[in-house]
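Predicted model only: the values in this text are computed from it and were never measured. We use all heavy atoms of the structure for the numbers below, so side chains are in, but hydrogens, waters and symmetry mates are not. Residues take their numbers from the sequence shown, with the count starting at 1.
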Amino acid sequence: MRTAFAALATILTAGVGVAAPAKDDQRAEKIEGLVRIVGAQAGIVLHCRQFYAIDDKVSDGLSRTVRPTLDQSLGLKQAQTAVDDEGKRLAQEIADVGPERWCADQRSILNTEGVRVFLD
């Protein structure tokens, strides 16, 4: 499992600290991906338990693997602002599609990437 977390973190964080102008778009895209991982795990924990069994160890591990890189890349305050903004965006997305549909979508996405957040 640690290998899966490490591989995911390596893929997502490769080059995040690079600030060369040609890399700005890639860096922004990777940071957005990190923010979305943190937000998705919070959404899964808050909304998906009523529909599916969640592996808390895996979900928490994803957040703990990604968050330090995000904090280092943006700074603590800006990273927290980004996570807060993502939380608001995600809450609206869940409200729009409904928690059952959103959770089903997350389950199909996350259980195909080699890291099983959903147990059933």
Side-chain angles (χ1 to χ4, degrees):
M1 188 56 61
R2 283 184 183 240
T3 304
F5 288 145
L8 179 63
T10 301
I11 291 166
L12 292 172
T13 62
V16 170
V18 178
K23 302 279 184 180
D24 283 350
D25 289 341
Q26 286 179 335
R27 180 179 185 273
E29 189 175 306
K30 288 177 182 179
I31 288 173
E32 181 180 347
L34 296 174
V35 171
R36 286 185 176 240
I37 288 171
V38 173
Q41 294 316 304
I44 288 166
V45 168
L46 289 172
H47 297 282
C48 299
R49 289 184 196 285
Q50 61 187 322
F51 310 110
Y52 304 103
I54 306 299
D55 188 332
D56 291 323
K57 189 173 183 177
V58 172
S59 181
D60 186 50
L62 282 170
S63 294
R64 281 187 291 120
T65 300
V66 169
R67 186 61 193 256
T69 302
L70 185 60
D71 291 345
Q72 184 179 20
S73 297
L74 295 177
L76 292 175
K77 187 174 181 176
Q78 191 175 357
Q80 187 59 51
T81 299
V83 169
D84 291 346
D85 290 347
E86 175 62 11
K88 292 173 190 169
R89 185 202 69 75
L90 192 61
Q92 185 60 54
E93 180 180 313
I94 293 169
D96 290 346
V97 301
E100 188 169 7
R101 166 83 186 270
W102 185 84
C103 291
D105 291 345
Q106 296 304 305
R107 182 175 177 252
S108 69
I109 292 166
L110 291 175
N111 279 4
T112 60
E113 298 296 322
V115 176
R116 296 187 61 85
V117 174
F118 295 89
L119 295 174
D120 56 354

Exercise. Do the side chains of V117 and L46 join up, straight or via other hydrophobic residues, at under 4.5 Å, putting them in one cluster?
Worked result: no
For this session: Taking the side chain as every heavy atom from C-beta outward, state whether S59 and V45 have any atom pair closer than 4.5 Å.
Result: yes
Problem set entry | Residues that R64 engages under side chain to side chain contact (heavy atoms under 4.5 Å, CB included), provided they are two or more places apart | D60
Problem set entry | Min side-chain heavy-atom separation S73-R27 under 4.5 Å | yes
Problem set entry | Short side-chain to backbone donor-acceptor contact, R101 and D96, under 3.5 Å | no
For this session: Over all heavy atoms of both residues, which pair between G43 and W102 is shortest? Give the atoms and the distance, please.
Result: C-CZ3, 3.7 Å
Problem set entry | All salt bridge (Lys or Arg N to Asp or Glu O under 4.0 Å) counterparts of E29, not counting sequence neighbours | none
Exercise. How far does CG of D25 sit from NZ of K30, to the nearest 0.5 angstrom?
Worked result: 12.0 Å
For this session: With sequence neighbours excluded, tell me which residues meet side chain to side chain contact (heavy atoms under 4.5 Å, CB included) with A82.
Result: V35, L74
Exercise. What are the two closest non-hydrogen atoms of S108 and D105, and how far apart are they?
Worked result: OG-O, 3.0 Å
Exercise. Is the closest side-chain heavy-atom distance between L70 and V83 below 4.5 Å?
Worked result: yes
Exercise. Do the side chains of D55 and R116 get nearer than 4.5 Å, heavy atoms only?
Worked result: no
Seminar exercise, completed: What one should report as the nearest heavy-atom pair of L110 and Q41 is CD1-NE2, 3.9 Å
Exercise. Are F118 and I44 close enough that some pair of their side-chain heavy atoms sits under 4.5 Å apart?
Worked result: yes
Exercise. Which heavy atom of S63 sits nearest a heavy atom of P68, and at what distance?
Worked result: O-CD, 4.3 Å
Exercise. Roughly how far, to the nearest 0.5 Å, is the SG atom of C48 from the CD atom of Q106?
Worked result: 7.0 Å
Problem set entry | D85 with R89: basic N within carboxylate O range, under 4.0 Å | no
For this session: Could you pull out all residues at least two apart from D84 that satisfy side chain to side chain contact (heavy atoms under 4.5 Å, CB included)?
Result: Q80
Seminar exercise, completed: Taken in chain and number order and not counting sequence neighbours, the residues that satisfy side chain to side chain contact (heavy atoms under 4.5 Å, CB included) with D56 are R49, I54
For this session: For the pair T81 (side chain) and K77 (backbone), establish whether a donor and an acceptor sit closer than 3.5 Å, ignoring hydrogens and angles.
Result: yes
Exercise. Which heavy-atom pair separates E86 from G39 by the least distance, and what is that distance?
Worked result: CG-CA, 4.1 Å
Exercise. Do R67 and D71 have side-chain heavy atoms sitting under 4.5 Å apart?
Worked result: yes
Problem set entry | For E100, all residues meeting salt bridge (Lys or Arg N to Asp or Glu O under 4.0 Å), sequence neighbours excluded | none
